[in-house]
Amino acid sequence: MFMKQTKVLLILTIVLSLLALASACGKKTEEGPNTNSGGATSKEFKATGNEGTISGAVAFTGTPPAPKKIATDADPACGQKNPNLATEDNVVTNGKLANVLVYIKEGTLADGTKIGDWSFKAPTEALTLDQNDCHYKPHVSAVMVNQKLNITNSDPTQHNIHFTPKNNPDWNQSQPNGAAPLSHSFARSEILVPVKCNQHPWMKAYVAVLKHPFAAVTAEDGSFSIKGVPPGTYTVVAWHEGGAAGTEKTMQVTVPASGSATADFAFGEAATASGNPSLQMMPALDVPMMVRH
Ligand SMILES: [Cu+2]
């Protein structure tokens with residue numbers, strides 16, 4: 001009788017151990033194929049040291065529209081600080097265009113993975129968006145999802161910063177002169193978030209919110225440089241404001257290991273005729289969001 005009980009117990013123990021082992025193995029195979037599917041389970045990208053650079057210049061072809069002087073009657077404090085306040089939608093110097101956002105839209109790394117399959121850590125440094133001379137500085141900028149924006153007021157007047165995104169919540173805060181900086185961030189990617197000032201109708205800025213750090217904005221001389229790009233072949237987009245939602249130019253580039261790729265773009269009337277304009281604001285690397293909204 002006693003022997004029989006021991007035997008049953010022993011068999012039970014063996015069966016249970018086998019079951020536990022089988023379920024552990026089952027779990028492992030379930031996790032395998034999901035690791036590269038993007039979203040919350042995507043792997044964090046780690047630089048390996050063979051990253052390269054995408055750089056170039058953006059030209060403005062033809063005669064650029066002259067900047068228009070802004071009437072500051074709505075707030076004399078703006079005119080007193082900057083009597084020559086002018087529009088910023090086409091900042092052209094020697095045929096080169098400033099304030100163009102250049103970013104990687106999609107692409108495949110040399111190891112065959114898609115850039116959208118990787119996750120990238122947002123920088124801990126905040127991007128400062130200053131209200132200065134009754135303009136936003138910078139006029140065009142790029143941050144990563146959840147990266148902090150530090151909003152400052154350097155003017156002797158009150159501003160009202162108003163982000164009007166499509167994929168993120170509306171955000172609208174007044175900031176009197178001398179007030180402490182405001183902080184904001186965006187939880188979802190968006191190309192690009194328009195910014196306006198409810199006090200000064202001419203004040204406009206654009207903030208790109210990306211899931212990766214591969215973006216740059218052209219300087220006064222039209223140049224830009226995107227560093228730390230893993231070797232691969234990418235679709236690079238140059239975006240410039242104007243029209244309903246801006247104009248885009250697209251180019252394929254291949255970044256060799258530890259090398260560089262050139263991406264030169266042209267905007268302007270003459271360039272538009274042969275270019276690839278798109279009037280669509282697209283969320284970067286975020287196809288499901290397009291369906292949602
Ligand atoms: Cu303002």
Side-chain angles (χ1 to χ4, degrees), residues 64-93 97-101 103 123 125-210 215-220 239-247 267 281:
K68 292 187 193 79
K69 194 173 190 291
I70 292 166
T72 52
D73 310 345
D75 188 348
C78 289
Q80 277 155 24
K81 194 180 172 200
N82 182 2
N84 299 313
L85 203 66
T87 52
E88 298 180 305
D89 34 348
N90 285 291
V91 178
V92 180
T93 311
L97 185 59
N99 296 330
V100 175
L101 170 79
Y103 68 99
E125 318 87 71
L127 177 106
T128 295
L129 185 58
D130 189 27
Q131 295 152 115
N132 199 342
D133 279 356
C134 294
H135 270 319
Y136 286 114
K137 298 195 178 155
H139 182 62
V140 178
S141 57
V143 290
M144 274 185 65
V145 168
N146 295 326
Q147 185 181 355
K148 283 256 158 62
L149 273 152
N150 180 47
I151 301 141
T152 55
N153 181 358
S154 303
D155 283 330
T157 189
Q158 171 166 303
H159 288 292
N160 189 113
I161 185 156
H162 190 175
F163 293 106
T164 57
K166 284 200 174 78
N167 292 330
N168 290 281
D170 193 272
W171 193 83
N172 181 10
Q173 296 277 319
S174 70
Q175 191 174 32
N177 42 319
L182 296 165
S183 186
H184 190 50
S185 62
F186 298 97
R188 293 170 174 183
S189 61
E190 185 164 350
I191 302 286
L192 303 80
V193 177
V195 190
K196 63 178 185 176
C197 175
N198 290 355
Q199 304 276 335
H200 308 111
W202 63 83
M203 283 181 72
K204 281 190 186 104
Y206 302 89
V207 180
V209 186
L210 296 159
V217 176
T218 56
E220 291 271 302
W239 176 95
H240 185 243
E241 70 190 279
T247 305
F267 287 84
M281 279 210 183

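Start at 1 with the first residue, then count along the sequence. Note that ligands are numbered from 1 as they come in the structure, with each ligand's atoms numbered from 1 the same way.
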Would you say Thr152 and Asp130 are linked by a side-chain donor-acceptor pair, where the criterion is simply a distance under 3.5 Å? yes
Could you check whether Asp75 and Gln199, counting side-chain N and O atoms only, form a donor-acceptor pair closer than 3.5 Å? no
Applying salt bridge (Lys or Arg N to Asp or Glu O under 4.0 Å), can you list everything that pairs with Asp155, at least two apart in sequence or on another chain? Lys81
Does either side chain, that of His162 or that of Asp170, offer a donor lying less than 3.5 Å from an acceptor on the other one? yes
ring-ring contact (aromatic ring centres under 6.0 Å, His included) filter on Phe186, not counting sequence neighbours, yields Phe163, His184
Atoms (protein N, O or S; no water) under 2.8 Å from the Cu ion (ligand 1): 4
Using the ring-ring contact (aromatic ring centres under 6.0 Å, His included) criterion, which residues pair with His200? Sequence neighbours excluded. His159, Trp202
